[in-house]
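Take a look at the structure set out below.
Chain letters run A, B, ... following the sequence lines, proteins first, then strands; residues in each count from 1. Note: hydrogens, waters and symmetry copies are ignored here, and every other heavy atom, side chains too, is used.
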Amino acid sequence: MLDLKEIRKNPDKFIELLNRRNDDFSYLKDLINKDEERRELIGDIESTKAKKNTVSRKIGEYKRENKDPKPLFEEIKSIGKGVEAKETRLKELEEEITHSLLMTPNLPLETTPIGKDETDNNEIKREGQIPTFDFNPKPHWDLATDLDILDFDRGAKISKSRFTVYKGLGARLERSLLNFMMDLHAKDHGYTEIIPPYIVNKESMIATGQFPKFKDDAFNVGDDDKLFLNPTGEVPTINLYRDEILDGKDLPIKYTAFTTAFRKEAGSAGRDTRGIIRQHQFNKVELIKFTKPETSYDELEKMLQNSEKVLQVLNLPYRVVDLCTGDLGFAMRKTYDIEVWLPSYNTYREIASISNAEDYQARRGNIRFKRDKESDTEYVHTLNGSGLAVGRTVVAILENYQQKDGSIKIPEVLIPYMGVEYIK
RNA sequence: GGAGGAAUACCCAAGUCCGGCUGAAGGGAUCGGUCUUGAAAACCGACAGGGCAUGUAAGUGUCGCGGGGGUUCGAAUCCCUCUUCCUCCGCCA
């Protein structure tokens with residue numbers, strides 16, 4: 001959530017930056033007017049209450065001293081008039097303002113490339129060797145079906161389309177990857193492991209920015225509009241500290257979370273229908289940080305490196321892009337995407353997203369810290385990154401490590417986890 | 001799922017029946033001090049935290065006794081509702 005006090009100081013600046021997201025945010029001006037009215041009402045109501053409280057206290061005193069409080073009752077009657085209507089109006093205004101702010105995305109950074117969609121993202125670097133094949137490489141769904149390690153038809157039968165059964169060494173590859181990733185981040189990169197609840201409440205979804213705007217993307221559990229399947233490990237993990245005040249000495253706090261993510265993919269009908277690129281359910285290893293404001297961008301760079309490391313060790317070719325304003329996520333000020341090379345697509349596809357929300361989520365979730373006992377509370381900065389999306393890593397390995405005979409060579413680092421050198 | 005009980009400041013805990021000197025007793029922890037070569041102990045002192053409004057600020061006001069609502073001039077205390085935790089029973093990995 002943006003800070004209305006800051007918007008008030010320089011509304012045009014906010015509107016200009018937000019408009020780079022290719023939408024119209026001029027309603028913020030109206031919001032300022034509402035806030036003006038709101039503050040005026042608060043002043044009114046509170047001074048009335050102050051008067052009332054004084055007389056009320058006096059009534060207590062009179063009673064104790066056995067004096068007749070009747071005249072005070074007359075007095076108090078005239079004080080309270082009209083407050084009720086004001087309070088109703090105030091509540092209405094507050095709801096409108098809060099709702100508007102919850103629907104307003106984070107401010108892109110001044111330096112974020114301006115653009116319409118992913119084609120305008122700014123490529124920062126490419127790493128790794130794109131494999132060349134002396135045969136016709138197959139897409140992962142063909143490889144996996146031939147090897148009998150993914151079963152799309154039965155996944156759809158059991159559940160519905162975009163659900164897949166992992167089988168045999170396919171299941172083991174998934175499990176090996178997530179263990180490998182968790183080990184790397186927990187043991188080498190100093191993140192604390194987390195396995196959070198996969199079902200989260202509305203408040204949690206609001207804090208990280210999924211709700212209210214993107215409610216249609218979430219699976220509601222129990223149909224009572226209270227609990228939802230988490231769409232990313234970011235939601236439960238950031239919400240660890242919702243409504244808490246952290247000790248500045250403990251920052252930065254670093255977590256790596258293993259979660260299964262669930263998404264309706266409401267707006268993606270017809271896209272990526274083959275294979276496991278886009279599933280309703282997929283595993284993810286997530287990186288989360290809570291930092292002081294002044295270090296969050298350093299921590300973002302480190303997180304990007306931690307995330308890249310997975311691809312480097314797996315020896316997968318990838319590139320890093322700086323997302324443009326049109327592709328930037330709702331809650332984020334800056335996002336790097338890591339895209340892995342997929343031979344069957346003959347292009348790079350997103351496998352990780354590393355972002356700094358600054359204090360946007362912290363405000364929504366009321367996550368604060370104190371530098372020391374005397375200092376004021378401040379909002380933390382929250383960062384999250386994939387470390388990585390496990391399913392898409394499976395895709396990348398299948399496609400990049402495929403052999404002429406249709407078998408898959410296992411990357412060196414995974415052999416201890418897999419117990420075999422090839423899937424065949 | 002059934003039956004009970006509970007939620008008070010960093011922690012423990014009184015107050016709730018009988019509404020007003022409770023902007024919340026008492027203890028512990030913490031911080032500062034005295035004493036001591038140093039420490040412990042003892043003693044003295046400090047000690048809600050946070051939001052909002054206003055103000056350059058000091059401050060002032062307002063809201064805070066799990067959350068929300070209500071009754072009342074006035075609510076920790078009465079009423080409604082939700083949440084969480086505990087105990088027992090049932091079921092269960």
Sole candidate of A/Leu251, A/Leu304, A/Thr291 that passes side chain to side chain contact (heavy atoms under 4.5 Å, CB included) when paired with A/Glu299: A/Thr291

B/A13 versus B/A29 - spacing of their C1' atoms, nearest Å: 14 Å

Whole-angstrom distance between B/G27 and B/U77, as gauged at atom P: 26 Å

Distance test, side-chain N/O of A/Lys370 to OP1/OP2 of B/G50, below 4.0 Å: yes

Conformer about C1'-N of B/G64 - syn within 90° of 0, anti elsewhere: syn

Interatomic distance at C1', B/C65 relative to B/G19, whole Å: 15 Å

Whole-angstrom distance between B/G50 and B/A39, as gauged at atom C1': 38 Å

Watson-Crick or G-U wobble mate for B/G90, both contacts under 3.5 Å: none

Minimum side-chain heavy-atom gap A/Met205-A/Asn201 below 4.5 Å: no

Side-chain N,O (A/Arg57) to OP1/OP2 (B/G23) below 4.0 Å: no

Shortest side-chain distance from A/Lys5, nucleotide among B/G51, B/C52, B/G74: B/C52

Touch class at under 4.0 angstrom, heavy-atom based, for A/Ser47 against every strand present: nothing

Minimum side-chain heavy-atom gap A/Tyr422-A/Gln403 below 4.5 Å: yes

Touch class at under 4.0 angstrom, heavy-atom based, for A/Ile59 against every strand present: base

Any A/Asn53 side-chain nitrogen or oxygen under 4.0 Å from OP1 or OP2 of B/U62: yes

Residue whose closest nucleotide on RNA chain B lies nearer the 5' end, A/Glu61 versus A/Ile42: A/Glu61

Side-chain touch A/Ser56/A/Ile76, heavy atoms, less than 4.5 angstrom: yes

Pairwise 5' ranking along RNA chain B for A/Gly60 and A/Asn366, keeping only the more 5' one: A/Gly60

Pairwise P distance, B/C10 and B/G51 [rounded to whole Å]: 13 Å

N/O (side chain, A/Thr377) to phosphate O (OP1/OP2, B/G51) under 4.0 Å: yes

Sugar-phosphate, base or nothing in reach of A/Lys63, heavy atoms under 4.0 Å: base

Non-hydrogen side-chain atoms of A/Arg21 and A/Asn106 separated by less than 4.5 Å: yes

Touch class at under 4.0 angstrom, heavy-atom based, for A/Lys52 against every strand present: sugar-phosphate

Short side-chain N/O contact from A/Arg368 to OP1 or OP2 of B/G50, under 4.0 Å: no

